[in-house]
J.: 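Handing you a structure now.
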Amino acid sequence: MSDPHNFSLNPQQEQAATYDEGHVLVLAGAGTGKTRTIIARAAHLIRQGIDLQRILLLTFTRRAAREMTQRLYQITGESAQGIMAGTFHHFCLYSMRRMPRHFGLEGANVIDRDDQVQLMKLVRGTLKQKALPLPRAAEMVNLRSYARNTNQSMEDYLKGHTDYDDELIPLIMRAAQGYDQRKRENRYLDYDDILYIFAKTLNEVPETRDRIRAYYDHILVDEMQDTNPLQWLILDALRDPAHLFCVGDDAQSIYAFRGADFRNVHSFTQRVPGATILRLERNYRSTQGILDLSNWLLGRSPLKYGKKLKAHRKAKSMPLLRDFDSDFDEARWIAKDLLRHRAEGRAWSDHMIITRTGHGARAVESFLVEKKIPYRFVGGISLFQAAHVKDLLALLRAALSHHDELAWARYLTLWRGIGDVTAARLITKLRGENDHAAALQQLTGAPKMSAEILEPVAQARREKADPPLAVANAANALAKLLELRYDKWSTRKKDFELLARLAANHRSLSAFIETYVLDPVTASDAAQVDREDIVTLTTAHSAKGTEASVCYLIRVEPGMYPHFRSVGDPDQEEEERRILYVAMTRAQDELIITRTYRTGGYHRSAWGGFGKAQAAQAKYFFDDLNDSLLNWNGGSDRTDVDYDFFDPIQSWDRDF
DNA sequence: GAAGCGTTATACTAT
DNA sequence: ATAACGCTTC
């Protein structure tokens with residue numbers, strides 16, 4: 001790919017990339033060169049004389065955006081930095097930050113999901129009634145988010161599409177309203193607001209819409225099947241004269257929980273009259289053996305995707321299936337297999353480990369750490385979600401805004417003698433002040449308050465133009481407190497150095513924080529910041545759009561595919577099928593599927609606790625697996641496990 | 001009344 | 001691993 005002359009397209013790809021007659025939807029199956037075609041499209045437009053800055057490239061993840069700009073740079077040979085490439089959220093926020101007054105965004109701070117849940121908890125606490133079991137805060141955040149993303153009122157959604165009864169619905173609606181109100185008071189912007197405010201303004205304020213619409217001639221949209229109604233409102237407002245070039249695959253739609261409907265690619269020509277549908281059908285990525293299994297899985301669906309991937313490549317390579325007694329054995333084997341591949345001279349980066357759930361990869365992750373196999377966990381727990389990192393960020397956020405009450409509450413309760421109640425009382429003193437310094441003045445001399453508590457905030461505010469310094473000093477200010485609070489402090493402390501390193505890339509504290517709220521960095525990510533040759537550990541969702549020579553699909557067992565939480569809802573079960581399909585079709589040369597029926601440690605108890613476990617057993621995608629589709633290396637792995645191979649799990653077994 | 005501590009429940013996917 | 005909850009202590 002580094003040689004631009006080597007960049008050849010097949011006739012279908014060529015036709016799509018150079019189509020100049022209006023709006024297009026390209027239906028592109030897995031591995032058919034979707035990314036390559038989008039890049040070629042952008043390159044074609046540039047050759048036609050289109051200004052780079054007039055092309056908007058919307059991708060599903062920031063990772064995809066980064067990859068595309070890099071590849072575009074390699075092909076066009078000129079700086080591709082000017083192209084506007086990013087996720088819907090990035091694009092909307094960027095556009096709104098450019099003209100904040102049009103959107104009422106002055107002084108607003110973006111909050112992540114944890115903060116959303118936190119805020120909802122506060123509201124939930126005021127509404128709790130003994131007789132009525134109000135849904136958990138996290139669930140209510142989901143409900144409200146889904147309603148927003150599907151562009152319907154909370155009431156319509158709750159009444160039309162959920163099972164909540166007439167008594168509970170008004171209460172949930174009040175919770176949602178209370179949440180919105182607290183959000184306004186604290187000048188918070190959640191992920192959904194970013195899309196919602198942008199979409200609403202474009203659709204209600206023609207002057208603003210016209211102004212933004214005038215910036216772009218071409219809008220290229222990746223992963224169209226996973227856009228939701230709110231995102232569609234935005235695309236719809238921005239098209240004409242701009243041309244839409246959307247690429248998608250209904251069989252890879254895996255974000256229904258976020259309001260996406262894979263049927264949106266089917267109705268494209270109704271929504272965009274005169275649009276053309278093009279297809280990419282030849283798979284260049286995988287061997288036919290891998291595609292046969294993938295096709296089999298999709299073919300078992302009651303939904304007709306009308307898709308059968310055919311390999312361009314000659315190699316066949318049958319997928320491998322291995323059973324293990326426990327997730328520990330499974331993880332141990334995978335680490336060993338990786339080391340074996342490495343010894344054979346293969347690069348770490350040729351390997352991807354795909355998991356359905358974040359915590360399903362725990363055993364594997366601990367073996368990777370123990371065997372010193374370099375890896376990056378995409379979709380894992382963010383560095384910013386670790387308790388001690390949140391504590392430090394709370395201090396920084398308190399320094400940036402006296403309206404950020406979640407941050408203030410967290411920061412104040414770190415100090416001895418200040419609990420929830422005192423913190424809440426102190427925070428009320430901050431309200432109504434326009435100026436940060438004046439707000440701090442209100443706290444000075446208040447009961448339980450001290451200069452020791454306030455000074456770090458004031459100092460961080462003075463240092464807000466020097467993020468790494470602010471981080472380092474905040475870490476110093478909190479060191480004593482946090483050391484008492486957490487065990488394994490020496491390990492946790494290292495995260496602050498990582499944080500300071502990340503902060504060094506930003507010119508302001510607020511830009512630093514906002515960047516990582518929108519684009520979380522996992523601890524493994526931050527630790528491996530300079531390494532290229534590493535194994536990728538990823539959730540199936542985050543794996544979409546990527547590929548690797550060797551893919552390990554772990555925990556492919558009953559209760560995982562389909563995930564037990566989806567059992568009972570046919571639509572959700574079918575989405576689970578697509579998730580497994582996406583996971584399988586990432587593999588180029590080797591697809592290794594592992595599973596375990598009995599799990600040790602944590603999962604044994606978790607299984608028993610969930611009522612759906614048995615139902616899940618009855619709904620396993622591999623139940624009627626055709627043996628001719630893979631090499632089943634079944635039975636216990638015991639005989640070939642080397643028990644001298646260190647087992648890091650022991651220590652957690654005791655914890656549970 | 002509020003802080004602090006020990007115990008227990010919780011855990012899918014993500015911008 | 002983390003936070004909510006209930007109980008005890010100041």
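Quick caveat, the model's predicted, so the values are computed rather than measured. The figures here come from the full heavy-atom set of this structure, side chains too, leaving out hydrogens, waters and symmetry mates. Within every chain, numbering begins at 1; the chains are lettered A, B, ... in the order of the sequence lines, protein sequences first and strands thereafter.
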J.: Considering every strand and a 4.0 Å limit on heavy-atom distances, what is the contact class for A/A540: base, sugar-phosphate, or nothing?
T.: nothing
J.: Tell me whether the side-chain N/O atoms of A/R362 come closer than 4.0 Å to OP1 or OP2 in B/dA11.
T.: no
J.: Can you check each nucleotide of nucleotides 4-10 of chain C against protein heavy atoms at under 4.0 Å and return B for base, S for sugar-phosphate only, - for none, in 5' to 3' order?
T.: SS-----
J.: With a 4.0 Å cut-off on heavy atoms, is A/Y255 in touch with a base, just the backbone sugar-phosphate, or nothing at all?
T.: sugar-phosphate
J.: Is A/R62 touching bases, backbone alone, or none of the nucleic acid, heavy atoms closer than 4.0 Å?
T.: nothing
J.: What nucleic acid atoms does A/R410 come within less than 4.0 Å of, heavy atoms only: base, sugar-phosphate, or nothing?
T.: sugar-phosphate
J.: In whole angstrom, what separates A/R258's CZ from B/dT13's P?
T.: 14 Å
J.: Classify the nucleic acid contact of A/D192 as base, sugar-phosphate or nothing, counting any heavy atom under 4.0 Å across all strands shown.
T.: nothing
J.: Rounded to whole Å, please give me the gap between CD in A/E139 and P in B/dA11.
T.: 10 Å
J.: With heavy atoms under 4.0 Å as the rule, sort A/R492 into base, sugar-phosphate or nothing.
T.: sugar-phosphate
J.: Measure the distance from CG on A/L414 to C1' on B/dG4 and round it to the nearest whole Å.
T.: 15 Å
J.: Scan A/D114 against the nucleic acid and name what it touches under 4.0 Å (heavy atoms): base, sugar-phosphate only, or nothing.
T.: nothing
J.: Cation-pi check for A/F262 against A/R578: NZ or CZ below 6.0 Å from the six-membered ring centre and within 45 degrees of the axis, yes or no?
T.: yes
